[in-house]
2 protein chains.
Amino acid sequence: MRDVAALAGVSLKTVSRVVNDEPGVSPSVRDRVLVAAGRLDYRHNLAASNLRRGGARTGVVGGLVQDVGNSFSATMLRAVEDALRPRSILLLAASLDEVDVREREIVENLLSRRVDGLVLMPASDRQDYLSAEVRAGLPIVFADRRPAGIDVDSVTVDNRAGARAAIEHLLAHGHRRIGILTDLASIPTSARRVEGVREAYAAARLPLDDSLLVRDIRDAGTASTVAAGLLDLDDPPTAFFAARNVIAEGVVRELMRRGLQRRIAHVGFDDLPMADLVDPGLTVIRQDATRLGECVGERLLARLDGDDSAPRHTVFAPTLVVRGSGEIRPGT
Amino acid sequence: MRDVAALAGVSLKTVSRVVNDEPGVSPSVRDRVLVAAGRLDYRHNLAASNLRRGGARTGVVGGLVQDVGNSFSATMLRAVEDALRPRSILLLAASLDEVDVREREIVENLLSRRVDGLVLMPASDRQDYLSAEVRAGLPIVFADRRPAGIDVDSVTVDNRAGARAAIEHLLAHGHRRIGILTDLASIPTSARRVEGVREAYAAARLPLDDSLLVRDIRDAGTASTVAAGLLDLDDPPTAFFAARNVIAEGVVRELMRRGLQRRIAHVGFDDLPMADLVDPGLTVIRQDATRLGECVGERLLARLDGDDSAPRHTVFAPTLVVRGSGEIRPGT
DNA sequence: AATGCATACGACAACGTTGTCAACCGAGCT
DNA sequence: AGCTCGGTTGACAACGTTGTCGTATGCATT
C-alpha cells in the first residue's frame with residue numbers, strides 16, 4: 001500500500017479510501033491510485049484490515065463435520081454454505097472422523113483465527129472447552145448432535161424415534177430376529193439409535209437378542225462381513241436394521257451377493273442417493289440433510305445478527321420411506 | 001495480551017514468549033502468565049501474529065469446487081484435506097455451481113485473505129485474472145479441469161478417452177442409435193466428453209445422429225425427462241451414454257420406471273456409490289476422485305515446499321467398469 | 001575485587017491497515 | 001479584503017503481535 005501511495009503520489013490514507021470505496025476522493029486521484037495498484041499487483045490485505053478495524057467480523061465460519069466426503073455431511077455443509085453466501089461468509093471446512101483430539105485442535109485453531117462462528121458436528125463427548133467462547137457470545141450451532149457441557153443452539157434428528165420406527169416397522173411385519181448393525185457406541189447419535197431399538201422391543205414386550213446387535217461398524221466392507229457372520233448363524237436373522245448409510249450399503253451388497261435381497265428384510269437409517277433404484281428398493285428412515293443444514297445456517301445467521309435469546313434445540317423427525325426391502329415378511 | 005501481561009506482572013514480550021513456547025522464560029513466570037491467560041480467557045490472535053511475522057504462511061488454502069455437496073467434488077476435497085492435515089493447513093471450501101462471476105469473487109476474497117494456495121475446479125473459461133498471483137508464485141492447482149490463460153499445475157482425467165471408450169463399448173455391442181446426455185456445453189470437461197463421443201463415431205466410420213445428443217442437462221430430474229423424450233421417438237435409441245453421475249442416475253430411474261433396464265443398454269461417466277447394486281449393475285467409466293484429490297494435495301504441498309519447476313499436467317486414465325448395463329445388445 | 005558470561009526479562013519498532021482530526025484549497029459570501 | 005464553507009487530502013496513532021537489541025541479575029572465573 002505504501003508503494004502504491006508513492007507511485008500514485010498520494011498518501012497512504014488516500015489509497016485506503018480508494019480501495020474501500022470511500023467517498024471524498026476526486027476521480028482523477030482515484031484513477032491514479034487504481035492504475036498504480038494495478039501496476040504493482042497490489043492486493044488489499046484483509047487480515048490487517050480486520051485487525052485495525054478492531055473486533056469487526058472476519059467473514060469466516062468454521063464447519064467441522066464427521067467427514068467432508070460423506071454424503072450426509074457434505075449435503076449439510078452445502079446447505080450451510082448456501083445460507084451464508086448472501087453475506088459472503090466463507091466456510092472453513094474440516095473432517096473430524098470421530099477423533100476428539102482433532103476436534104479440539106481444529107477448534108482452537110479456528111478460534112485463534114477469530115472465526116465469526118462455528119458449526120460443529122462434534123466428535124468429543126463433552127465440549128466444555130468452549131465455555132469461554134459461549135460466554136463471550138460466539139455463535140455456535142451444533143449439527144446432528146446435541147452439545148454436552150455447554151448450552152448452545154443445536155439442530156438434530158430424533159434418532160431414537162427414527163430407530164424405534166424402523167424396528168416397529170420390522171416387528172409389525174412379523175420379524176422377531178433382527179440383525180442390528182450400528183456405528184461406534186461412543187457416538188451419541190449411534191447410542192440414541194440403539195436406545196430407540198430397545199424401546200421398540202420393550203414396547204412390544206419382546207426380548208432383544210444382544211447377539212444380533214453389533215456395534216462399532218465404521219464402513220461398508222465391515223458391514224458386509226458382519227452381515228455375513230449373522231447370516232451364517234444356525235438361527236440367522238430374518239431382517240436387518242442398518243443404523244447408518246454406509247452400513248446399509250454393505251448389508252445390501254452382502255444380501256445381493258447371496259441372492260437374499262427378496263427374502264431378508266432390510267431397513268436403513270439415512271438415505272442413499274440410489275436407494276430407490278436397487279431391487280427391491282431400500283426402505284429407509286430418511287433424515288433430510290439439506291433441511292438440517294438450512295436450519296443450521298439460519299440459526300447461525302440469527303446469532304450473527306445479535307439474537308441472544310436462550311439456545312434453541314431444533315429436532316427434526318426423520319421419516320420412514322417405504323420402498324420394498326423393509327416390507328418383506330419372514331420366511332418368504 | 002496487554003491485560004495478561006499486566007495481570008501477570010510481566011511485559012508483553014514475555015507473554016508472547018510463553019504463548020509461543022519460546023525458551024528463556026523461568027518456570028515460575030511461565031506459570032504466572034498461563035494462569036493470567038486462563039483467567040482472562042485470552043486467545044492468541046493468529047491474524048496479528050501472521051501480520052507481524054511478515055510474509056509467513058497463513059495455514060489456509062482455498063478449495064473451490066463445482067459443488068461441495070456432490071459426491072465427486074466432496075470426495076476429492078476430502079482427499080485434499082487429508083493431504084494437508086499433517087501440516088495443519090485448513091481448507092476454505094466453496095461451491096461455484098458453474099457460475100463464473102462467483103469464481104472471481106471468491107478467488108479475490110481468498111487472495112485478500114492471503115491464502116497459502118488454491119485448489120480450483122474452475123467455472124470460468126479463462127483464468128487470466130490470476131496471472132499476477134501465478135507470477136508471484138502462489139501455489140495453484142487445477143482439479144478436474146485444465147487451466148486456460150495461465151499455466152499452472154493441473155490434475156485431470158482424460159475425458160475424451162473415457163467418453164470414447166464408453167461409445168466404443170456400446171458400438172462393439174452392436175448399438176447404432178445411442179442417446180447421449182451431457183452437461184452444460186460450456187464446461188470444458190463436458191465438451192471433451194462430447195469430442196470423445198464424436199471421435200468414437202468417426203473412428204468407426206459411423207454417422208452421429210445429432211438429434212440423439214442432448215446437452216445442458218444439470219440434474220437427475222431433467223435427465224429422466226430427456227431420456228423419456230428420446231425413448232418416445234419413433235426410432236428410439238437402443239442405448240444411453242450418460243456423461244455425468246447425476247445424469248446416469250436420472251436415466252436409470254427412467255429406464256426402471258419403464259421396465260426397460262434389461263433391454264436398453266446404458267453406460268455412465270463417473271461412478272455412483274451404489275452403481276454395483278442396481279440390477280443390472282451400471283457399467284461406468286470410473287474416475288477415481290480420491291486418487292485425483294491425493295494427487296492435487298501432493299502437488300500443492302510440493303509447491304508450498306518451494307518446488308518451482310514447470311507446471312505439471314497430470315492426466316489420469318478413467319477405467320471402464322463392466323457391470324451389466326453396458327453389455328446389453330440391441331433388440332434384447 | 002574485578003571480570004566474564006549465561007540467563008531472564010523488557011523497551012521499542014514494525015507488520016498493513018484505517019479512524020480521527022487537522023490542514024489545505026478555491027468558491028461564494030458580506 | 002476578509003470570511004466561511006464544502007470538498008479533498010494528509011499526518012498520526014492504533015489494532016495485537018513478534019524480532020531485535022539492550023539491560024539487569026546471579027554466578028563462576030581470574
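Residue numbering restarts at 1 for every chain, and letters A, B, ... go by the order of the sequence lines. Here the structure is a predicted model, which is why all the values come from computation and not from measurement. Basis for what follows: all heavy atoms, side chains included, without hydrogens, waters or symmetry-related copies.
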Item checked: 5'-most by nearest nucleotide on DNA chain C - B/Ser11 or B/Leu51 ->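 Its nucleotide being nearer the 5' end, the pick is B/Ser11.
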
Item checked: Nearest-nucleotide 5' precedence on DNA chain C, B/Arg114 against A/Arg17 ->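 Of the two residues, B/Arg114 wins.
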
Note to self: Tell me if the side-chain of B/Arg52 makes a donor-acceptor pair with the base of D/dT17, cut-off 3.5 Å, by modelled atom types.
What the structure shows: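 No, no donor-acceptor pair under 3.5 Å.
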
Item checked: A/Arg43 (side chain) and C/dG16 (base): donor-acceptor pair under 3.5 Å ->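 A donor-acceptor contact between them is absent.
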
[X] [atom1] to [N] [atom2], straight-line distance once rounded to whole Å:
| X | N | atom1 | atom2 | result |
| --- | --- | --- | --- | --- |
| B/Leu40 | D/dG16 | CG | P | 14 Å |
| A/Asn50 | C/dT18 | CG | C1' | 12 Å |
| B/Arg53 | D/dG16 | CZ | P | 17 Å |
| B/Leu12 | C/dA14 | CG | P | 17 Å |
| B/Met1 | C/dC15 | CE | C1' | 14 Å |
| A/Arg32 | D/dT9 | CZ | C1' | 11 Å |
| B/Asp21 | D/dT18 | CG | C1' | 15 Å |
| B/Leu46 | D/dC15 | CG | C1' | 16 Å |

Check: Taking C-beta and beyond as the side chain, do A/Arg30 and A/Asp21 meet within less than 4.5 Å on heavy atoms?
Finding: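 Touching, per the 4.5 Å side-chain cut-off.
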
Next item on the list: Flag the pair B/Val155 / B/Asp144 as yes when at least one side-chain heavy-atom distance between them is below 4.5 Å, and no otherwise.
Entry: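 Heavy-atom side-chain distance check fails, nothing below 4.5 Å.
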
So which nucleotide from [options] ends up closest to the side chain of [X]?
| X | options | result |
| --- | --- | --- |
| A/Val19 | D/dT18, C/dT17, C/dT18 | C/dT18 |
| A/His44 | D/dT18, D/dT8, C/dT17 | C/dT17 |
| B/Ala48 | D/dT17, D/dT9, C/dG19 | D/dT17 |
| B/Lys13 | D/dT9, C/dA11, D/dC15 | C/dA11 |
| B/Asn20 | D/dT17, D/dT9, D/dT18 | D/dT18 |

Next item on the list: Remember a base hit wins even if backbone is also touched, and classify A/Gly54 as base, sugar-phosphate or nothing at under 4.0 Å, heavy atoms.
Entry: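 Nothing: the residue A/Gly54, judged by heavy atoms under 4.0 Å, touches no strand.
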
Margin query: Over all strands shown, is B/Ser16 touching base, sugar-phosphate only, or nothing at heavy-atom distances under 4.0 angstrom?
Written below: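 Contact class for B/Ser16: base.
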
Next item on the list: Would you please confirm or rule out a distance under 4.0 Å between OP1 or OP2 of D/dT9 and any side-chain N or O of A/Ser26?
Entry: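 Yes.
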
Notebook entry, point to check: Within the structure, does a side-chain N or O atom of A/Thr14 lie under 4.0 Å from either OP1 or OP2 of D/dG10?
Noted result: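 Yes, within the criterion.
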
Checklist line | Nearest atoms (heavy-atom pairs only) where A/Ser16 meets A/Met1 | finding: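 The answer is CB-CE, 3.2 Å.
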
Next item on the list: Going by the side-chain contact (heavy atoms from CB on, under 4.5 Å) test, name the single residue among B/Val152, B/Val107, B/Val61, B/Leu300 that passes it with B/Leu118.
Entry: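 Between B/Leu118 and the candidates, side-chain contact (heavy atoms from CB on, under 4.5 Å) is satisfied uniquely by B/Val107.
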
Checklist line | Residue among A/Arg312, A/Arg299, A/His313 satisfying side chain to side chain donor-acceptor pair (under 3.5 Å) with A/Ser154 | finding: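 So the option named by the test is A/His313.
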
Margin query: Is it true that, when you exclude A/Arg291 itself, more than 12 heavy atoms of the residues, nucleotides or ligands shown sit nearer than 6.0 Å to its CZ?
Written below: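 Result for CZ/A/Arg291: open.
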
